[in-house]
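I have placed the structure first, in the form of structure tokens, so that the comments after it can refer back to it.
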Amino acid sequence: MALTAETESRLYRSLRVAAGAAAHLVALGFPAAVAVLARPGSSECRWGRGRGRGEGRMSQLTSSCASLPGLFSWHPLLMALAFSFLMTEALLIFSPETSLLRSFSRKVRVRAHWALQLLALLCALLGLGIITYNKHLNGKGHFVTWHGLTGLLAVLYTGGQCAGGILLLYPKLMKNWTLAKLKLYHATSGLVGYLLGCASLMLGMCSLWFTTTVTGASWYLAMLCPLVTSLVIMNQVSNAYLYRKRSQH
């Protein structure tokens with residue numbers, strides 16, 4: 001039996017509400033799990049019983065974690081807070097179904113978006129600085145892995161995206177651009193930056209520290225977290241700007 005247009009609309013809205021609620025839970029749950037694993041401020045390193053973990057791997061892991069008591073442990077937590085929690089919530093603020101501030105005016109939501117984005121940038125910069133200094137203490141190369149390069153690009157991109165957001169606060173700075181076009185470009189470029197951040201998190205979960213700490217089904221579950229939030233944010237931005245823009249032509 002064919003569904004009516006109204007039933008399909010309700011079903012689609014229900015699915016978006018469920019997906020948005022899942023994104024909120026994942027955005028908070030992932031950094032919380034990372035905090036438990038990393039023990040920020042602790043000089044101890046936690047690891048699981050991963051296959052192939054020998055003395056060499058354990059020695060390499062210990063050297064990366066214990067060069068300065070508690071230093072490395074802050075890096076995964078700060079990056080998870082930046083790209084999983086703060087940035088996800090900054091974007092979900094504009095979700096018509098699951099925004100925690102949907103009862104407030106758009107001006108309030110824009111200011112909250114700005115505050116969360118700046119906090120995300122601050123956490124990302126701190127996380128980047130910590131891992132760079134930690135590698136310096138251990139005499140290791142900087143940004144020689146895909147995780148390191150993607151993380152650096154994501155942090156720099158986030159900084160540029162925040163700077164570009166100033167144009168939306170003061171659109172008169174771009175006299176030849178309409179506000180609608182600025183919003184479109186800011187949203188689409190922001191989506192690219194968010195996906196870069198999620199890619200950096202996923203590559204980080206392929207690192208020695210994480211694969212030794214988290215094994216089996218738990219590792220696959222952790223990898224799903226950035227995928228879930230990425231799909232929700234992509235759907236939100238596409239519906240708000242890309243599909244609407246296409247339908248206007």
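Start at 1 with the first residue, then count along the sequence. Only this structure's heavy atoms are used, side chains among them; waters, hydrogens and symmetry mates stay out.
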Checklist entry - Which is it for Leu168 and Val110 under the side chain to side chain contact (heavy atoms under 4.5 Å, CB included) test, yes or no, and what are the steps along the way? => result CA-CA 10 Å; Leu168 288 177; Val110 168; over 6 Å; no
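- Between the side chains of Tyr194 and Thr158, no donor-acceptor pair of N or O atoms lies under 3.5 Å.
- By the 4.5 Å heavy-atom criterion applied to side chains, Val232 and Leu92 are counted as neighbours.
- Within 6.0 Å of NE2 in His142 there are more than 12 heavy atoms belonging to other residues, nucleotides or ligands.
- Between the CG atom in Leu121 and the CG atom in Leu116 there is a gap of 12.5 Å [rounded to 0.5 Å].
- Formation of a donor-acceptor pair under 3.5 Å by the Thr150 side chain with backbone atoms of His147 is not found in this model.
- The closest side-chain donor-acceptor pair between Tyr157 and Ser189, if any, does not fall under 3.5 angstrom.
- Taken from CD1 in Ile131 to NE2 in His136, the straight-line distance is 13.5 Å, to the nearest 0.5 Å.
- By the 30° and 60° cut-offs, the orientation of the rings of Phe72 relative to His75 is tilted.
- Scanning all heavy atoms of the two residues, the minimum distance from Val155 to Ala124 falls at CG2-CB, 3.9 Å.
- Looking at heavy atoms from C-beta onward, Leu191 lies in side-chain contact with Leu195 at the 4.5 angstrom threshold.
- Both Met223 and Leu37 belong to a common hydrophobic cluster when Ile, Leu, Val, Met, Phe, Trp and Tyr are linked at side-chain heavy-atom distances under 4.5 angstrom.
- With Arg102 contributing its side chain and Ser99 its backbone, the two residues share a donor-acceptor pair below 3.5 Å.
- Summarising the geometry, atom NE2 belonging to His113 is positioned 9.0 Å from atom CE belonging to Met87; distances are rounded to the nearest 0.5 Å.
- Contact detail for Leu71 and Leu137: the closest heavy-atom pair is CD2-CD1, 4.0 Å.
- Residues Leu77 and Ala35 approach most closely at CD1-CB, 3.8 Å, considering heavy atoms.
- Nearest heavy atom pair, residue Phe143 against residue Gly148, reads CD2-O, 3.6 Å.
- Proximity of a side-chain donor or acceptor of Ser238 to a complementary backbone N or O of Met234 within less than 3.5 Å is detected.
- Residues Leu81 and Val34 fail the side-chain proximity criterion, which asks for heavy atoms closer than 4.5 Å.
- Transitive grouping of hydrophobic side chains (ILVMFWY, heavy atoms separated by less than 4.5 Å) keeps Val26 and Met205 in distinct clusters.
- Residues Met202 and Leu227 meet the side-chain proximity criterion, which asks for heavy atoms closer than 4.5 Å.
- No side-chain heavy atom of Phe83 sits under 4.5 Å from any side-chain heavy atom of Leu196.
- No donor-acceptor distance shorter than 3.5 angstrom exists from the side chain of Glu97 to the backbone of Arg13, with no hydrogens or angles considered.
- Remark: the backbone N or O of Ser73 is not paired with any side-chain donor or acceptor of Trp209 at under 3.5 angstrom.
- The distance from atom SG of Cys123 to atom CG of Leu118, rounded to the nearest 0.5 Å, is 11.0 Å.
- Using a distance-only test at 3.5 Å, with no hydrogens or angles considered, a donor-acceptor pair links the side chain of Gln161 to the main chain of His186.
- At a threshold of 4.5 Å between non-hydrogen side-chain atoms, the residues Phe94 and Val237 do not count as touching.
- Cluster annotation: Tyr185 and Val192 are assigned to distinct hydrophobic clusters (Ile/Leu/Val/Met/Phe/Trp/Tyr, side-chain heavy-atom contacts under 4.5 Å, transitive).
- Checking side-chain atoms of Asn239 against main-chain N and O of Asn235 turns up a donor-acceptor pair under 3.5 Å.
- Closest approach of Lys135 to Gly141, counting heavy atoms only: CD-O, 3.5 Å.
- Both Leu201 and Leu231 are part of a single hydrophobic cluster, where members link through side-chain heavy atoms under 4.5 Å apart.
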Checklist entry - Going through the checks in order, is the side chain to side chain contact (heavy atoms under 4.5 Å, CB included) test met by Tyr220 and Val214? => result CA-CA 9 Å; Tyr220 291 98; Val214 181; over 6 Å; no
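- Here the straight-line distance linking atom CG of Leu101 with atom CZ of Arg106 works out to 12.5 Å at 0.5 Å rounding.
- Taken from CG in Leu224 to OG in Ser230, the straight-line distance is 11.5 Å, to the nearest 0.5 Å.
- Judged by distance alone, with hydrogens and angles left aside, the side-chain atoms of Thr88 form a donor-acceptor pair with the main-chain N or O of Ser84 at under 3.5 Å.
- The side-chain heavy atoms of His24 and Leu100, taken from C-beta on, include a pair separated by under 4.5 Å.
- Arg111 places a side-chain heavy atom less than 4.5 Å from the side chain of Leu169.
- Smallest separation of non-hydrogen atoms from Trp114 and Gly165: CZ2-C, 3.7 Å.
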Item to check | side chain to side chain contact (heavy atoms under 4.5 Å, CB included) evaluation trace for Val228 with Phe30 | outcome: CA-CA 11 Å; Val228 168; Phe30 182 76; over 6 Å; no
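- Hydrophobic clustering, with ILVMFWY side chains joined whenever heavy atoms are under 4.5 angstrom apart, keeps Leu25 apart from Ile93.
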